[in-house]
Amino acid sequence: MPYIRETILTTRSPDGAVHIAPLGIIQEGEHWVIAPFRPSTTLANVEATGIAIVNYTDEAKIFAGCLTGRKDWPLAPVPGCDVPRLEAALAHDVLEVVSVKEDETRPRFSCRVAASGQHRPFQGMNRAKAAVLEAAILVSRLKMLPPDKIEDEIAYLKIAIDKTAGPDEEQAWYWLLESVIAHLAEVEAGR
Ligand SMILES: Cc1cc2nc3c(=O)[nH]c(=O)nc-3n(C[C@H](O)[C@H](O)[C@H](O)COP(=O)(O)O)c2cc1C
């Protein structure tokens, strides 16, 4: 399996709108592959402009917020690039598309790192942050998973939240939990 970094991408549409979305970028030698499913705004923007900023952040609220309709996170300019980064980024890379593998469901944009920046120190691993990341991925796949599997995963991830979360991770967890509960209620009502 390839190595994947879980990141937040910022992209810009041709008419100037900035878009923020969590995406895993896939290592391929010295290049990084962006692989968004169709349809998606990230895909349309990368297709149109050939540029994405990869934001490396451990802020659980940004991952959870993007998955629950909270996409308005502070931005900061990137010198020499018209796509901004997240203000909260610990570091960022500017990715430039060098080739595209077309696909009906999930095209792959192979990118080179055109520039990089460091902004804040990394302050260590935290199980609750990791649990929020896993729960965000779970929320992005709710419609593909059986309710039993969703309930089991939430019960397991909650252990790390209960033991190690700070207020930000608790808030992020709560946002995701709301989505999970709403989804399970919908499934139950449709039975
Ligand atoms: C950690 C994480 C990694 C993700 N990686 C991908 C990915 O590689 N490809 C993808 O299409 N969606 C991925 N998603 C889901 C997208 O964030 C979500 O579908 C998003 O809305 C993209 O669509 P948009 O560009 O239209 O906003 C990921 C979500 C999370 C939480």
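Reckoned from all heavy atoms, side chains included, excluding hydrogens, waters and symmetry mates.
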Can you run down the salt bridge (Lys or Arg N to Asp or Glu O under 4.0 Å) pairs that involve residues 14-36, sequence neighbours left out, and say none if there aren't any? E28-R108
For residues 109-118, which residue pairs pass the salt bridge (Lys or Arg N to Asp or Glu O under 4.0 Å) check, not counting sequence neighbours? E96-R112
Before you tell me yes or no, could you show the steps for W32 and F109 under side chain to side chain contact (heavy atoms under 4.5 Å, CB included), namely the whole-Å CA-CA distance, both residues' side-chain angles and the distance that decides it to 0.1 Å? CA-CA 8 Å; W32 290 93; F109 298 88; over 6 Å; no
Identify every side-chain donor-acceptor pair in residues 53-61 under 3.5 Å, counting partners at least two apart or on other chains, and give the distances.
unit_1 : atom_1 : unit_2 : atom_2 : d
N55    : OD1    : L86    : N      : 2.7
N55    : ND2    : I8     : O      : 3.0
N55    : ND2    : T10    : OG1    : 3.1
Y56    : OH     : R5     : NH1    : 2.9
Y56    : OH     : D93    : OD2    : 2.6
T57    : OG1    : E59    : N      : 3.0

Which side-chain N or O atoms in residues 138-151 pair as donor and acceptor under 3.5 Å with protein atoms at least two apart or in another chain?
unit_1 : atom_1 : unit_2 : atom_2 : d
S140   : OG     : I137   : O      : 2.7
K149   : NZ     : E153   : OE2    : 2.9

Gap separating the [atom1] atom of [X] from the [atom2] atom of [Y], nearest 0.5 angstrom:
{"X": "T105", "Y": "D103", "atom1": "OG1", "atom2": "CG", "result": "4.0 Å"}
{"X": "C66", "Y": "W73", "atom1": "SG", "atom2": "CH2", "result": "7.5 Å"}
{"X": "R12", "Y": "T41", "atom1": "CZ", "atom2": "OG1", "result": "14.5 Å"}
{"X": "L23", "Y": "T42", "atom1": "CG", "atom2": "OG1", "result": "5.5 Å"}
{"X": "T11", "Y": "I20", "atom1": "OG1", "atom2": "CD1", "result": "9.0 Å"}

Check [X] against [Y] and note the closest heavy-atom contact, atom names and distance.
{"X": "R106", "Y": "A35", "answer": "NE-O, 2.7 Å"}
{"X": "A131", "Y": "W173", "answer": "O-CZ3, 4.4 Å"}
{"X": "V46", "Y": "A52", "answer": "CG2-CB, 4.3 Å"}
{"X": "E6", "Y": "G24", "answer": "OE1-CA, 3.3 Å"}
{"X": "A172", "Y": "V132", "answer": "CB-CG1, 3.8 Å"}
{"X": "A128", "Y": "I161", "answer": "O-CD1, 3.7 Å"}

Expected output: side-chain R70 to main-chain I62 donor-acceptor under 3.5 Å: no
So, the side chain of S40 versus the backbone of P36: is there a donor-acceptor pair under 3.5 Å, distance only? no
Under the side chain to side chain donor-acceptor pair (under 3.5 Å) rule, what pairs show up with a residue in residues 126-136, not counting sequence neighbours? K129-E169
Listing request: all side chain to side chain donor-acceptor pair (under 3.5 Å) pairs with a residue in residues 156-165, at least two apart in sequence or in separate chains. K158-D162
Report the C-alpha separation of I51 and V97 in whole Å, then their side-chain angles, then the decisive distance to 0.1 Å, and conclude whether the side chain to side chain contact (heavy atoms under 4.5 Å, CB included) test is met. CA-CA 6 Å; I51 294 282; V97 176; over 6 Å; no
For a quick test of your reading: what N or O donor-acceptor pairs under 3.5 Å do the side chains of residues 175-182 make, sequence neighbours left out?
unit_1 : atom_1 : unit_2 : atom_2 : d
E178   : OE2    : Y174   : OH     : 3.4

Classify the angle between the aromatic ring planes of H92 and H119 as parallel (below 30°), tilted (30 to 60°) or perpendicular (above 60°). parallel
Please assess V94 against V113 for the test side chain to side chain contact (heavy atoms under 4.5 Å, CB included), listing each intermediate value before the final yes or no. CA-CA 6 Å; V94 179; V113 178; over 6 Å; no
Linking directly or through intermediates, with side-chain heavy atoms under 4.5 Å: list the remaining ILVMFWY members grouped with F122, chain and number order. L90, M125
What residues join M1 in its hydrophobic cluster, counting side-chain heavy atom gaps under 4.5 Å, either direct or through other members? none
In the structure I gave you, are the side-chain heavy atoms of [X] and [Y] within less than 4.5 Å of one another anywhere?
{"X": "R38", "Y": "P107", "answer": "yes"}
{"X": "I25", "Y": "I4", "answer": "no"}
{"X": "P22", "Y": "L67", "answer": "yes"}
{"X": "S110", "Y": "H31", "answer": "yes"}
{"X": "C111", "Y": "V98", "answer": "no"}

Just wondering, are more than 12 heavy atoms of other shown residues or ligands nearer than 6.0 Å to CD in E186? no
How about E47: does its CD atom have over 12 heavy atoms from other parts shown lying under 6.0 Å from it? yes
With sequence neighbours excluded, tell me which residues meet salt bridge (charged side-chain N to carboxylate O under 4.0 Å, His left out) with E87. R120
Across all chains, not counting sequence neighbours, the salt bridge (charged side-chain N to carboxylate O under 4.0 Å, His left out) partners of K71 are none
Do L95 and L43 belong together in a cluster built from hydrophobic side chains that touch within less than 4.5 Å? yes
For H183, which residues count as a ring-ring contact (aromatic ring centres under 6.0 Å, His included) partner, sequence neighbours excluded? none
